[in-house]
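Just so we're on the same page: letters track the sequence lines, and every chain starts at 1.
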Amino acid sequence: MSTPSKITPEAIADFIKQKTDATSVIVDNLKLLSGGAIQQNWAFDAHIEGSDMPGLLAGVLRADAPSGVAVSHGRDNEFALFKLMFDADVRVPEPLWIGDKALFNVAFFIMRRVKGTAAAHRIVKDKSLAGDRRKLAQTLGSELAKIHAIRPPQPTLSFLGVPDQPSASVLIARARTFLDEHSMPYPTLEWVLCWLEDNMPVQTQLTLCHRDYRTGNYMVDAQGLTGILDLEFADWSDPLEDIGWFCAKCWRFGNDEAEAGGIGAREDFYAGYEQASNTKIAKELVHYWEVMAHMNWAIIALQQGARHTSGEELSLELALTAHMVPKLEVNMLEMIRKV
Amino acid sequence: MREQPQADELLRYAREVLRQEIIPALPKEHRLTGFMIANAMGIATRQLQNGDEHDYMELNDLTKLMYSIAYESASLASTKVAGDPIAKTEPAPLAIGSTNTLLYDGVLSHTELQEKLTVLNRQLAQLIRNRDLNGKKDLVLQHLEHISAFRATESGG
């Protein structure tokens, strides 16, 4: 595997100059926002002269990490998802240019930088952020509805296989495959998987789903929602998967009473969604998909823990993530007892 | 006999010092790592405080549970037909003493204990997946709820 080249302001400037046909581009304030084994996000400012977009471009360069761990969509595919959603009026950062892989030896793309913060604990606790919380919940509902308006097939998303099984079946099978290959057994997860299998509702629809739509994956400023992020897990699925994930107790960051993402009331989130989609959410099915959300998160948490334990990526954060699974198991057993 | 303060107490106090003196003094970008270290120490402290006692109990309970699933029918009325794979003539897998305790020669090392638990839990997981609980679903659920609650107190949550 070729060594990735260093990401420099000059290289980014050259790239933008090519793409815009500008007379001059100067890039400064290059700063690594966040980086992990999967991708890296670099903020920068580009001062563009000439072209049809002269002026200051506040941008983000989002690149595959050098390690090339392929557990989710690479940047090429993520760019296609951002583009389709942006064109469908979803409030995602505007994707600008897909990168030339030869430049840094990793796939990358450039998008406009969005203002605000995505820090989940802060958003949940600090009420001065994100403006009116009822409006935020409604907006998050309506934005999700716009994502779900995108239906298969989509030529630019040919990398997403269209499933021929109900989404719940696919997810249950995926979980079982993971557990079969994992070093430790999880009888409680097996129990819940049986419940999920026995109580599987009919698929409502097959739409594009974000599949990690939750607090922590959208940005807000003092006024409200500024951008939806992280499309690396997006796929065709039952839209209730996203609704269950957003409202699941495990994603409320301690603010359990605010059932919609720890930031607002479920009713407001649903109202925003129903108005934008001109449909009704099958509310009696959401509980099932919240159980599924806990299961999916438990599997992901085990995968992340395994990346540390196997030595693939030594990280205290990954090691601690596996320790979230016992609480998730307790939650799931409580949830299925209720029914 | 080990020197005092022992593992769990030493770790517990070191964690307190970390939280009260070190984390507040850390530069902002390292504070999250400081909290994660404190979290890891908390989990380790609780596991040390509990020791292996609960694991022995789990081993005991699991063994009895598996025996019950394999060898005790759910109801008195016989619904079994000839050639039933669960034949009562098979010997019991382990010697279970009259005091209902599990008999082992000596004490198991921590590693051996974990290995035995892994084997039995894997068998239980398989039985659950295959819907092969022989009418003992309630017992299994009770067991899972008990173990999950204990694991959650250790791992934090």
Side-chain angles (χ1 to χ4, degrees), chain A residues 31-35 119-122 172-173 175-198 249-250 254 256 294 297-298 301-302 305 308 314-337, chain B residues 28-47 50 54 58 61-62 65-66 69 114-133 136-157:
Chain A
K31 186 178 144 190
L32 182 64
L33 290 173
S34 62
H121 289 283
R122 246 196 91 195
I172 290 166
R176 284 177 167 156
T177 301
F178 171 79
L179 288 172
D180 284 342
E181 293 164 2
H182 194 53
S183 54
M184 262 184 71
Y186 283 85
T188 302
L189 294 182
E190 295 288 350
W191 181 272
V192 178
L193 284 165
C194 286
W195 183 91
L196 286 167
E197 194 171 47
D198 293 343
K249 193 167 173 201
C250 54
D256 289 350
H294 283 75
W297 174 216
L302 290 177
H308 169 84
L314 294 176
S315 148
L316 187 53
E317 186 173 1
L318 291 178
L320 287 171
T321 304
H323 279 274
M324 306 193 75
V325 174
K327 178 88 206 288
L328 293 172
E329 289 178 327
V330 168
N331 287 350
M332 282 185 266
L333 289 179
E334 269 168 22
M335 291 174 79
I336 68 183
R337 237 192 197 297
Chain B
K28 204 170 145 212
E29 67 269 26
H30 292 307
R31 217 163 276 176
L32 181 59
T33 305
F35 280 121
M36 287 198 288
I37 292 172
N39 191 2
M41 290 169 84
I43 295 169
T45 302
R46 289 187 290 273
Q47 289 194 359
N50 289 329
H54 200 276
E58 183 186 346
D61 289 345
L62 259 177
L65 183 62
M66 301 299 275
I69 293 170
Q114 298 311 306
E115 279 168 5
K116 284 189 189 295
L117 280 172
T118 302
V119 166
L120 282 178
N121 272 302
R122 200 175 293 287
Q123 287 174 13
L124 179 60
Q126 203 60 47
L127 290 177
I128 293 169
R129 171 93 66 95
N130 296 339
R131 318 309 190 109
D132 222 350
L133 299 180
K136 298 294 169 144
K137 282 188 79 172
D138 287 347
L139 272 184
V140 171
L141 180 58
Q142 209 174 46
H143 171 84
L144 294 177
E145 286 179 334
H146 175 77
I147 296 296
S148 305
F150 176 76
R151 278 161 46 84
T153 63
E154 277 195 347
S155 288

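- For B/Ile147, no part sits under 4.5 Å from any heavy atom of chain A, backbone or side chain.
- Between chain B and the residues A/Arg176, A/Glu317, A/Glu197, A/Met324, the largest count of heavy-atom pairs under 4.5 Å involves A/Arg176.
- With respect to chain B, the highest number of heavy-atom pairs below 4.5 Å among A/Asn331, A/Val330, A/Leu320, A/Leu328 belongs to A/Leu320.
- Between A/Trp191 and B/Leu144, the shortest heavy-atom distance links the atoms CB-CD1, 3.6 Å.
- Contact detail for A/His323 and B/Ser155: the closest heavy-atom pair is ND1-OG, 2.8 Å.
- Side chain of B/Arg129 to backbone of A/Pro187: no donor-acceptor contact under 3.5 angstrom is found.
- Distance check: B/His143 NE2 to A/Thr188 OG1 gives 7.5 Å after rounding to the nearest 0.5 Å.
- Scanning all heavy atoms of the two residues, the minimum distance from B/Arg131 to A/Cys194 falls at NE-SG, 3.4 Å.
- Minimum heavy-atom separation, B/Asn121 to A/Pro185: CB-CG, 3.6 Å.
- In the displayed structure, B/Asn130 atom CG is contacted under 6.0 Å by more than 12 heavy atoms of other residues, nucleotides or ligands.
- The side chain to side chain contact (heavy atoms under 4.5 Å, CB included) test with B/Glu145 is passed by exactly one of A/Glu329, A/Glu334, A/Arg337: A/Arg337.
- Looking at A/His182, only its backbone comes within 4.5 Å of chain B, counting heavy atoms on both sides.
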*Please test A/Leu333 against B/Leu141 for side-chain contact (heavy atoms from CB on, under 4.5 Å), starting from the C-alpha separation and ending with a verdict.*
CA-CA 9 Å; A/Leu333 289 179; B/Leu141 180 58; 4.1 Å; yes

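- Of the listed residues B/Glu154, B/Gln126, B/Arg151, the one with more heavy-atom pairs under 4.5 angstrom with chain A than any other is B/Arg151.
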